[in-house]
Amino acid sequence: MSESTLWSIALSVIVISWMACSVIKTGVDDTKFRAKGVRTEARIINKKNIGVSGTGNMRFKMELEFETTNGTTRAWVNRFFTPEELIKVMRKNTVLLYYLPENPKQVFLVPGDME
């Protein structure tokens with residue numbers, strides 16, 4: 001095999017591994033937050049479009065404000081939204097999330113659960 005073929009194979013393995021790790025991490029986070037977290041609706045205080053994927057999904061950096069058992073909490077989140085999720089989120093300028101009671105600034109957004 002030539003050197004360029006080896007580099008192509010190595011790069012492909014790295015990209016596929018990174019994608020697999022991302023999918024697995026998202027699944028683990030989803031399970032952890034749904035099991036241990038508290039579900040609430042957060043108001044979007046500030047949002048900024050910071051990117052677009054090749055499939056039309058938009059990446060936003062958002063400042064969220066929500067009520068916890070200890071009072072009001074604010075958290076910053078970066079996330080890609082599908083066009084369908086974006087419609088649900090922007091309709092009321094809110095998003096559903098789970099937060100961990102021991103660290104309310106650690107959140108997991110679930111806009112797909114919104115009506």
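Predicted model only: the values in this text are computed from it and were never measured.
- Between the side chain of N49 and the backbone N or O of G51 there is at least one donor-acceptor pair closer than 3.5 Å.
- We find the CE-CG distance between M62 and L97 to be 11.0 Å, quoted to the nearest 0.5 Å.
- Applying the ring-ring contact (aromatic ring centres under 6.0 Å, His included) definition to pairs two or more places apart or across chains, those involving residues 54-96 are F66-Y99.
- Contacts of S17 classified as side chain to side chain donor-acceptor pair (under 3.5 Å), with partners at least two apart in sequence or in another chain: none.
- Atom NZ of K61 and atom CZ of R59 lie 10.0 Å apart (nearest 0.5 Å).
- When all heavy atoms of P101 and G37 are compared, the closest pair comes out as CD-CA, 4.4 Å.
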Kindly indicate, with the supporting measurements, whether the criterion side-chain contact (heavy atoms from CB on, under 4.5 Å) is fulfilled by R43 and N93. CA-CA 6 Å; R43 291 181 305 281; N93 209 35; over 6 Å; no
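- Under the side-chain contact (heavy atoms from CB on, under 4.5 Å) criterion, R39 pairs with L96, Y98, D113, not counting sequence neighbours.
- Considering every non-hydrogen atom in both E67 and T40, the closest pair reads O-OG1, 4.0 Å.
- By the side chain to side chain donor-acceptor pair (under 3.5 Å) test, T31 pairs with no residue at all, sequence neighbours left out.
- Take S12 and apply the side-chain contact (heavy atoms from CB on, under 4.5 Å) test, not counting sequence neighbours, and it matches no residue.
- Residues passing the side-chain contact (heavy atoms from CB on, under 4.5 Å) test with T82 are N57, E84, E85, sequence neighbours excluded.
- Residue K105 comes nearest to A75 through the heavy atom pair O-CB, 3.8 Å, listed as atom of the first residue, atom of the second, then distance.
- Cluster partners of M19 are L11, V15, W18, counting Ile, Leu, Val, Met, Phe, Trp and Tyr whose side-chain heavy atoms approach within less than 4.5 Å, directly or via other members.
- Counting heavy atoms from C-beta on, the side chains of L109 and L64 come closer than 4.5 Å.
- Pairs passing the ring-ring contact (aromatic ring centres under 6.0 Å, His included) check and including a residue from residues 23-48, sequence neighbours excluded, read F33-F108.
- Evaluation of the side-chain contact (heavy atoms from CB on, under 4.5 Å) rule for K92 yields E41, T94 as partners, not counting sequence neighbours.
- There is no path of hydrophobic side-chain contacts, each under 4.5 Å, that joins I45 to V95.
- No side-chain heavy atom of S53 sits less than 4.5 Å from a side-chain heavy atom of M58.
- No side-chain heavy atom of T68 sits under 4.5 Å from any side-chain heavy atom of V38.
- When the salt bridge (charged side-chain N to carboxylate O under 4.0 Å, His left out) test is applied to R74, the partners found at least two apart in sequence or on another chain are E63, E65.
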